[in-house]
Amino acid sequence: MPEREPAPAAGRAERRSVPALCLCAVLLVLLLPALVLYGQDVRPGAALAVQCVVVAHTGGALARVLTDPLVRVVGFGFWLFCYVWLGLAPLAMLATDSYPWGFAVDAGAAFTSAVLVETGLLAYSAGAALAGRRPARTSAVLEPLLARRITPLRTLLLSGLALALAAVLVPAQGGLPAFFRSRQAVNEAASQGDPGGAADQALAAWSLSVPAFWALVALLFVPRAPGGDRTLRGARWILLPVLVAVNVVVNNPVSQPRFWAGTVLLTILFAAPALRRPRAFRAAAAAVTAAVLVVFPYSDYFRYEKREPVEVVSLAEQFTSNGDYDAFQQIATGVDYVRGHGHAPRDALGPPLFFVPRAVWPDKPDDAGILLARHAGYAFENLSAPLWIESYMWAGLPGVAAVFALFGAAGRRIDGVRHRLREHGGTFAALAVTAFGFYQIILLRGSLLFVMGPLTLLLLVPLLITGRPDRKAAPPAAPPPSAPPTRAAAAARVVPEPAGPAPAGAAPRTAPSTPSTGEART
C-alpha cells in the first residue's frame, strides 16, 4: 500500500513515462484527428488552421493528464471536455462547414470563436502551470476543507432524509413509471405547464436526485471506526440495497441527462480506494476517454419515445449532426450576438445570484442558452452556452482569460491537495472533488444560470455530512511556511537504532508511514 507522503515525495517515487506520453500524444493529436477528417471534403481556411492548434493543445494536455504521476481528476474532466467538444467536434464542423443546428456560422465568427477557445485554453494552462509551480504546503483554507471526513451519524441522517424525500416526491411526480419515461416525454410535459411550475419541478427533481446519490456514496465510503461499529454495519446492510434501488429510479440514464447519470456512476467508481492511486486512475481515465468517443454518441437511445435501431456512423457525422456537440456552434452564435448587442458585464451577477427570484429582481439576466437560442431564431430553447462564450459576453477576451486563468489555478491546487489526501478514505477530497471533476463537463457546457443550482446542491450536501477529522486520523500536516523542511532534515528523519552494534553496511531505517484508514467493508 502506498505511503501517505506529500506530493513531492510521490513525484520523486514515480516519474512520467516518456514513451507513454509520446504514444498518447500521437494517438490524440495525430491519429484521431486524421480519422475524423478521413473521407471528408475538407475546406481549408483561417478558422480551420486555428482549430488545428486547439486540437494539438487539448490533445497534448489530455495526454499529459493521462500519463501524469499525480491523480488529476479535475484536470482530466476539463481536458476531456475540451478535447472532444471543443477540439475534435469543431474540427469536423469547420472542415465540412456543417453544423448540428440551423444557425449559419460565417467565416469571421468561426475564426473569432476558434481564437476565443484557444485564448481560454492558454489562460487555463498558464493558471494551472503557475499553481503547479508553487511549493506543496498545507493551505490554510483548502486543505482543512478537503480533509473533512464523512461522519457515520450524519450519513445515517442523510440516508433517512433521502428515503423520506423519495417517499414524498416520487408519488408526487407521477410514481415509478414517470421516472422511466424518455426525456422527450418529460420535456414535453414540462413545456405544457407554466414556467414557474417547470422550475419548481426541476428543483424537486434535483432535491430528490442529489441527496439520494450522496446518501449512497456516503454509505459506501464512510470511514471505519477504529474499534468497529456494529450498529453502523447493521444499518449499512439494511440501507444499502434500498438506496441502490432509489438511485436506480431517480438517477437512471433513461429520464435523467446522460451527463448527470455519468457523473453518478463515475463518482462511485473513481472514489473507490483502488482508483485513487495513480496507475489505476490513469488506466480508468483512458477507458473513460475511449468510452466518451465510442459509446457516448449512441447513449441517447432512451431520449426519444420512438426508438429506432442504432445506426453506427463516422465520428465526423456524429460531430456535425448530433446536437450534443453544439458547443462550438453556440460559441459562434454568441460571437454573432455580441456583434449586435455588445458586452454585458452586469450579466456576470446572474450565476452567483441564481437563487434570487425574478419577482425580487425583475432585471435578473436571462439564461445565456435561452438568449442564444432566441438570437438564432430557434423554436427550442434548451441549449448549451459554454463557459467560453458566457465570459466573452461579459467582458470580451480579457474576461475569458481572467476566468480561465483562475479556473486553471484553482483546479490544479485542488488536484494537488486531493492527491496528497488520496490514502484517506471518506474525505471531501475523495468524494466531492471527484464528483465535481466529472460534473464540470456540465459546468463547462453551460449555461451557468442553469448549472449553478444543481452544482451548489452537489457540493453543499457532502459539506454538511462531513466534519473535521480527529487528530489521530487527520492527515499529516506540512510544516509552517516560515520553516520549510530541507532535504537534509528530511533525510535525517530516521528511527533510532536499537542498542547494540549495527550490522556492517546497514542503512538507517526511515520512519514507517502511518497505516491507511480505509473505508468500511460493504
Side-chain angles (χ1 to χ4, degrees), residues 4 6-7 10 70-78 131 136-159 161-162 209-225 232 263-264 266-277 281 407 409-440 442-443 452 454-478 514 516-520:
R4 293 186 298 178
L70 305 182
V71 175
R72 293 179 54 195
V73 65
V74 177
F76 171 63
F78 179 85
R137 59 172 180 256
T138 301
S139 168
V141 176
L142 196 58
E143 197 119 3
L145 173 65
L146 298 185
R148 292 171 62 92
R149 306 190 74 195
I150 295 174
T151 62
L153 177 59
R154 298 183 189 184
T155 297
L156 295 179
L157 291 175
L158 176 63
S159 301
L161 175 63
S209 298
V210 176
F213 159 63
W214 277 122
L216 176 61
V217 172
L219 273 180
L220 287 173
F221 300 111
V222 60
R224 182 175 54 220
L232 176 62
T263 298
V264 171
L266 293 176
T267 300
I268 294 174
L269 291 178
F270 279 79
L275 293 187
R276 294 201 305 267
R277 297 170 186 169
F281 171 81
F407 196 40
R412 188 57 182 265
R413 294 292 291 175
I414 291 172
D415 271 340
V417 175
R418 184 185 185 276
H419 182 77
R420 292 198 293 275
L421 298 174
R422 66 190 181 279
E423 292 301 326
H424 297 270
T427 60
F428 194 86
L431 305 180
V433 172
T434 304
F436 174 78
F438 294 108
Y439 186 83
Q440 74 173 318
I442 307 176
L443 172 67
M452 288 303 297
L455 176 62
T456 301
L457 195 59
L458 183 70
L459 298 179
L460 181 61
V461 172
L463 183 65
L464 294 177
I465 63 172
T466 55
R468 297 177 60 182
D470 297 332
R471 289 183 177 270
K472 295 181 179 180
T514 307
S516 165
T517 56
E519 285 74 26

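When reading the values below, keep in mind they use all heavy atoms of this one structure, side chains included, and skip hydrogens, waters and symmetry mates.
- Atom CD in Gln440 sits 10.0 Å away from atom CG in Leu455 (nearest 0.5 Å).
- Panel note: side chain Arg422, backbone His419; a donor-acceptor pair is recorded below 3.5 Å.
- The only option from Leu220, Leu219, Thr466 that meets the side chain to side chain contact (heavy atoms under 4.5 Å, CB included) definition with Thr155 turns out to be Leu219.
- To the nearest 0.5 Å, atom CG of residue Leu460 and atom CD1 of residue Ile465 are 10.5 Å apart.
- In this structure, Ile268 and Leu216 have side chains that are in contact, with non-hydrogen atoms separated by less than 4.5 Å.
- No side-chain heavy atom of Leu70 sits less than 4.5 Å from a side-chain heavy atom of Asp415.
- The two atoms that bring Arg418 and Val433 nearest to each other are CD-CG1, 3.6 Å, heavy atoms only.
- Taking each heavy atom of Thr263 and Ala435 in turn, the nearest pair found is CG2-O, 3.8 Å.
- Side-chain atoms of Val461 and Phe213, non-hydrogen and from C-beta on, never get closer than 4.5 Å to each other.
- Phe436 is not listed as a side-chain neighbour of Val73, based on a closest heavy-atom distance of 4.5 Å or more.
- In this structure, Ala271 and Ala430 approach most closely via the heavy-atom pair CB-O, 3.7 Å.
- Under the 3.5 Å distance criterion, the side-chain polar atoms of Arg72 are left unmatched by any main-chain donor or acceptor of Arg412.
- Here the CG-CG distance, from Leu464 to Leu157, works out to 11.5 Å after rounding to the nearest 0.5 Å.
- Minimum interatomic distance between Tyr439 and Pro454 (heavy atoms only, all atoms of both residues): OH-CB, 3.2 Å.
- In this structure, the side chains of Thr427 and Leu146 stay at 4.5 Å or more apart for every pair of heavy atoms.
- With rounding to the nearest 0.5 angstrom, the CZ atom of Phe428 is 5.5 Å from the CG atom of Leu145.
- No side-chain N or O of Arg276 forms a donor-acceptor pair with one of Thr434 less than 3.5 Å apart.
- If you take CZ on Arg413 and CD on Glu143, they are separated by 8.5 Å, rounding to the nearest 0.5 Å.
- Taken from CZ in Phe407 to CZ in Phe78, the straight-line distance is 6.5 Å, to the nearest 0.5 Å.
- Closest non-hydrogen pair, Ala162 versus Ala215, comes out as CB-CB, 4.1 Å.
- Closest heavy-atom contact between Trp214 and Leu458: NE1-O, 2.9 Å.
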